**Q** 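Following this message is one structure expressed as C-alpha cells.
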Protein chains: 2
Amino acid sequence: MKTTIKEVAKEAGVSISTVSRVLNGRDRVSRHTINRVREVIEKLQFQPDFVARTMIMKRTSTIGLIVPQLSNEYWALMSEVIQDELWARGYTTLICSTDNEPDKENAYLRMCSERRMDGVIYCSSPHYGLAAGEQIEALKTAGIPLVSLDPNIAGVSCVIGDHLQGTYIAVEHLIRLGYGRIAYIGGPAVSIEREFGYRKALMMHGYTVDESLIRVVQGQSFADGYEGLQSLRASGIAFDALFCGNDLLAFGAIKAMEEAGIRVPEDVAVVGYDDIFSARLFKPSLTTVRQPIQDIGQELVQLLLASLETEPERRTVRKIVIPTELIVRESSGSGQMKA
Amino acid sequence: MKTTIKEVAKEAGVSISTVSRVLNGRDRVSRHTINRVREVIEKLQFQPDFVARTMIMKRTSTIGLIVPQLSNEYWALMSEVIQDELWARGYTTLICSTDNEPDKENAYLRMCSERRMDGVIYCSSPHYGLAAGEQIEALKTAGIPLVSLDPNIAGVSCVIGDHLQGTYIAVEHLIRLGYGRIAYIGGPAVSIEREFGYRKALMMHGYTVDESLIRVVQGQSFADGYEGLQSLRASGIAFDALFCGNDLLAFGAIKAMEEAGIRVPEDVAVVGYDDIFSARLFKPSLTTVRQPIQDIGQELVQLLLASLETEPERRTVRKIVIPTELIVRESSGSGQMKA
DNA sequence: ATGAAAGCGCTAACAA
DNA sequence: TTGTTAGCGCTTTCAT
C-alpha cells in the first residue's frame, strides 16, 4: 500500500493540512514543524499522489502532443524538442502518434480532453486535419488551449516553417547556378506552398513556368519520388535541374535517374527539402532546405504556455513564421554555364 | 465549466450512481433509463472526468515508456510500435525520452511512480542503467510492474534481440564469402554481446581471434566509426572485411575508408547492425543485421500486460530472446576467393 | 502557526 | 433496478 499524507501526518504528530502546507510551501509553517515533517516524509518514502492533487488543482501539468508519425524522423525530432522544452518548464508531454489515421487522431484528441490536458500542441498535417475538425472544436469548447503547426485552423495560433520562402531560395539557388529547365516534384497538402515558392522563384527571375515540368504526386515517399521522375521522363521533356518537395521524394527521383543512366548532379542538379539525417549520408549528398525544428518547437511551446497563463478572454491568435535555411551539398552541382 | 456527472443526473432525473452505471455498463440498468441518460449525456456533451475516475479505480490506464532518444530512429520506431500495441489494448503510453541523461531518466522514472503509471517499459540502455537503479527499485517497491530491454536488471522481465546470434550470422556471412581478416568496431555496453558473437563465429569456423583487429570505441555514432577505422589503419594491420556494432559506426568507417581510397566492398567488405532507414539508401547499400523491432515491442507489451493481470505474488520473471535477421546488400560484396 | 472540515468528480458497497 | 452514502488522497477555506 502506498503511503498517504494521512500516515505522514500521524507519524509526525501534526494534521494533514500541515503536511500539505510543507509539501506545497506556500503557506507559512514553523521551521521546526517543517523539519519534522520532512524527516517523516523521507523516512516513509512518501510521494504525494499526483492524481489526487490534480483533481483539486484542476491542472494536470500535462500537454498533449499530436504528431502524424513518430517513426518519421522529422516528427521524432520535433517531439523530442517539444518534450524537452516542456519538461524544462515543468510540464509532462503526452506524445501521440496518429499514424496518419484520422480515427486515431480523433481518439487521441478526445483523450486529450478526457484526461484534462492543460493544453494541446497539434502537429498533424492539414491533409488529415479535416477529420479532426470536430474534436478540435471540442477542445476549444472545453477551454483547452491549443496551438498548431497548421495555419488553416481558424482561431488557433500556429507556428509554421516558411515553405514558400524555403522553396524560393532553393530554386533561386538552382537558377543562380545557371540551370534553366527546373522541374518540380511535390506531394499534396503542405507542399502546395512549396509549389508556390517554386513558381515565384521562376517568375521573379524572368522565367515562364512550364507546367509540363511540374509533377504533383500522391504522397511524400521515396516511391512517389521515383514515380514522379518516371512520369517526367515518360513525357520526354528535357530538364537540367529538379526541385523536390522533400528529401525522400528527392531520393526516389535520384534513384530513378540513376537507373536511367542520368547522372546527378552532372546531368541534373537536385534539391530536396527538410534536411533529414540521410541527406548528408546519401550519395550524392543532398542539397536541401532545412527547417529549424528546434526553433519551431520552442515557439510552439512558448505560444502555448503564454496562452495557458492568460485568461481565456484575453488570449490572442498569433501566426509565427519561421525562416528556413538552404544547405548546399553535392546534389545541386557546382553550376553550369548556359550555351 | 465542465459538465459533471451531477448535472447529468439532475437533468436526466436520476441519481449520479445510475449515471455512473450507464457510463460503466457493468451494473444493470433498465433500457429506458439507459436511453434517457445517454440522451442527456449527448445533449450536455458530458465527458466523464478521467482523473476523478482514476483516483478511485486506482489505475491510470497509462504505461510509462522510457527510451534513450526519440530522435534516434530505432527508438522512435520502437516507441511507435509500443504505443500502437498498448493503444490497441486500451492503454495510453507516456513516452519519455531521456536524451541519455541519467538525471532526466531518474526524474522520468520518478514521475512514473508519482503519476501512478500502471506499468513501465524501460528501454534505456544498460550503460546508463546504473544511475537509475534506485528509481527502478522504487518502482518495484511501489508495486509498479516493469519490463525492460536490458537483461541486467535483477528481477525484471526482459525482451532482447539476440545480439550474439545476430553478430554470429553476420560474421559467418563474411567468412562464407571467403574473407579471412575480419576486423571489428563496436561501442560499449550492449555491444559487448556483439563482440562475443564476433568471437564465436571466428572460433566456430576455426579462426584464431586476432585482438589487433578489434576496436572498442567510445560511443555508437558516425564519428566513432570514423575514428575506429582511423585507429585500425594507423596500426597498419591488414583486413579484408569489417563488422561494425551498428550501422552508424559502419557509415563512419566507410567514410574513413573512402577518404583513404579503400573501396567498399571491393577492398573491404562491411556489415553493420540495426538496419536503420539509411542503410538501404547509403552507397554502397549496407549489409546489416535487422532487429525485429515490431516483435520486440509487442513482446514487451505482452509481458507487461501479463504482469498487470497477475497478482503481484504470482508474477514470474521472463527473459525473451528474439532472433535477428541478416539483410544482405552491396557492402558485403559478392565474395572473394582466397589465393 | 496549526487544525477541522468541506469538498474535487467519480465509483462502489449497501440499502431500499 | 435505483438511490444513499462513504470515501479515493489531496488542497483549501475558515476557525482557533
Side-chain angles (χ1 to χ4, degrees), chain A residues 1-41 44-62 111 113-118 142-144, chain B residues 1-41 44-62 111 113-118 142-144:
Chain A
M1 210 53 213
K2 279 281 302 177
T3 350
T4 74
I5 199 175
K6 228 170 174 171
E7 303 165 53
V8 175
K10 190 197 284 178
E11 182 76 14
V14 296
S15 74
I16 58 168
S17 18
T18 301
V19 178
S20 173
R21 276 189 268 258
V22 348
L23 242 32
N24 296 291
R26 37 176 152 276
D27 256 335
R28 37 179 59 280
V29 184
S30 79
R31 265 259 143 272
H32 177 250
T33 316
I34 290 185
N35 290 145
R36 158 189 242 71
V37 172
R38 289 242 172 91
E39 264 169 36
V40 176
I41 287 178
L44 263 46
Q45 295 262 52
F46 168 72
Q47 271 188 324
D49 185 333
F50 195 85
V51 177
R53 176 178 273 176
T54 284
M55 183 141 139
I56 301 174
M57 311 253 253
K58 307 224 166 300
R59 53 195 298 269
T60 53
S61 298
T62 308
M111 183 207 70
S113 79
E114 273 176 4
R115 296 206 171 198
R116 301 250 180 299
M117 298 292 102
D118 288 346
I144 299 181
Chain B
M1 209 54 214
K2 278 282 304 178
T3 348
T4 74
I5 199 174
K6 228 168 173 171
E7 302 164 55
V8 176
K10 190 198 282 177
E11 182 76 15
V14 295
S15 73
I16 58 168
S17 23
T18 300
V19 177
S20 172
R21 277 190 268 259
V22 348
L23 242 30
N24 297 289
R26 41 175 150 277
D27 257 336
R28 35 179 61 280
V29 184
S30 80
R31 265 260 141 273
H32 178 251
T33 317
I34 290 185
N35 290 147
R36 162 191 240 73
V37 171
R38 289 242 172 92
E39 264 169 35
V40 177
I41 286 178
L44 263 46
Q45 296 262 52
F46 168 72
Q47 273 188 323
D49 185 334
F50 196 85
V51 177
R53 175 178 274 176
T54 283
M55 184 140 139
I56 301 173
M57 312 253 254
K58 308 224 165 298
R59 54 193 299 267
T60 52
S61 298
T62 308
M111 183 208 70
S113 78
E114 272 175 6
R115 295 206 171 196
R116 302 252 180 296
M117 298 292 103
D118 289 346
I144 299 181

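Everything numeric in this text was worked out from a predicted model, so none of it was measured. In the text below, chain A, chain B and the rest are named by the order of the sequence lines, each starting its count at 1.
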**Q** Look at the side-chain N and O atoms of A/S30 and state whether any lies under 4.0 Å from the OP1 or OP2 oxygen of C/dT2.
**A** yes
**Q** Once you round it to whole Å, what is the distance between P of C/dT2 and CZ of A/R28?
**A** 11 Å
**Q** Could you check whether any side-chain heavy atom of B/R36 comes within less than 4.5 Å of a side-chain heavy atom of B/V29, counting everything from C-beta outward?
**A** no
**Q** Mind checking A/F46 for me? I need base, sugar-phosphate or nothing, with any heavy atom below 4.0 Å counting as a touch.
**A** sugar-phosphate
**Q** May I have the distance from A/R31 (atom CZ) to C/dT2 (atom C1'), rounded to whole angstrom?
**A** 17 Å
**Q** If the cut-off is 4.0 Å, is B/K2 near the phosphate of C/dC8, judged by side-chain N/O to OP1 or OP2?
**A** no
**Q** Would a 4.5 Å heavy-atom cut-off, applied to side chains only, mark A/R116 and A/T54 as touching?
**A** no
**Q** Measure CD1/A/I41 against C1'/D/dC10 and give the value in whole Å, please.
**A** 13 Å
**Q** Rounded to the Å, how far apart are A/I5 CD1 and D/dC8 P?
**A** 13 Å
**Q** May I have the distance from A/F50 (atom CZ) to D/dC10 (atom C1'), rounded to whole angstrom?
**A** 12 Å
**Q** Could you give the NE2-to-C1' distance, from A/H32 to C/dT2, as a whole number of Å?
**A** 14 Å
**Q** Taking salt bridge (charged side-chain N to carboxylate O under 4.0 Å, His left out) as the test, write out the residues that go with A/E114, two or more places apart.
**A** A/R110
**Q** Does the side chain of A/S15 get closer than 4.0 angstrom to OP1 or OP2 of C/dG3 through an N or O atom?
**A** yes
**Q** Rounded to the nearest Å, what distance is computed from the CZ atom of residue A/R53 to the P atom of nucleotide C/dG9?
**A** 18 Å
**Q** Strictly by modelled atom types, are B/T62 and A/R115 linked by a side-chain donor-acceptor pair under 3.5 Å?
**A** yes
**Q** Check B/E11 against B/L44 and note the closest heavy-atom contact, atom names and distance.
**A** CB-CD2, 4.3 Å
**Q** B/I34 or B/A52: which one's nearest nucleotide on DNA chain D is closer to the 5' end?
**A** B/I34
**Q** From CZ of B/R36 over to P of D/dT2, roughly how many Å is that when rounded to an integer?
**A** 11 Å
**Q** Would you check, one step at a time, whether the test side-chain hydrogen bond (donor to acceptor under 3.5 Å, both in side chains) holds for A/S15 with A/T18?
**A** CA-CA 5 Å; A/S15 74; A/T18 301; 3.3 Å; yes
**Q** If you check every side-chain atom of B/M55, which of D/dC10, C/dG9, C/dG3 has the closest atom?
**A** C/dG9
**Q** Check the pair B/T4 / B/D49 against side chain to side chain contact (heavy atoms under 4.5 Å, CB included), numbers first and verdict last.
**A** CA-CA 8 Å; B/T4 74; B/D49 185 334; over 6 Å; no
**Q** Pull out every protein N or O sitting under 3.5 Å from an N or O of nucleotides 12-15 of chain C, one pair per line with the distance.
**A**
none

**Q** Verify the contact: side-chain N or O of B/T33 to OP1 or OP2 of D/dT1, cut-off strictly under 4.0 Å; return yes or no.
**A** no
**Q** Look at the side chain of A/V14 and decide which nucleotide, out of D/dT11, C/dT2, C/dG3, has an atom nearest to it.
**A** C/dG3
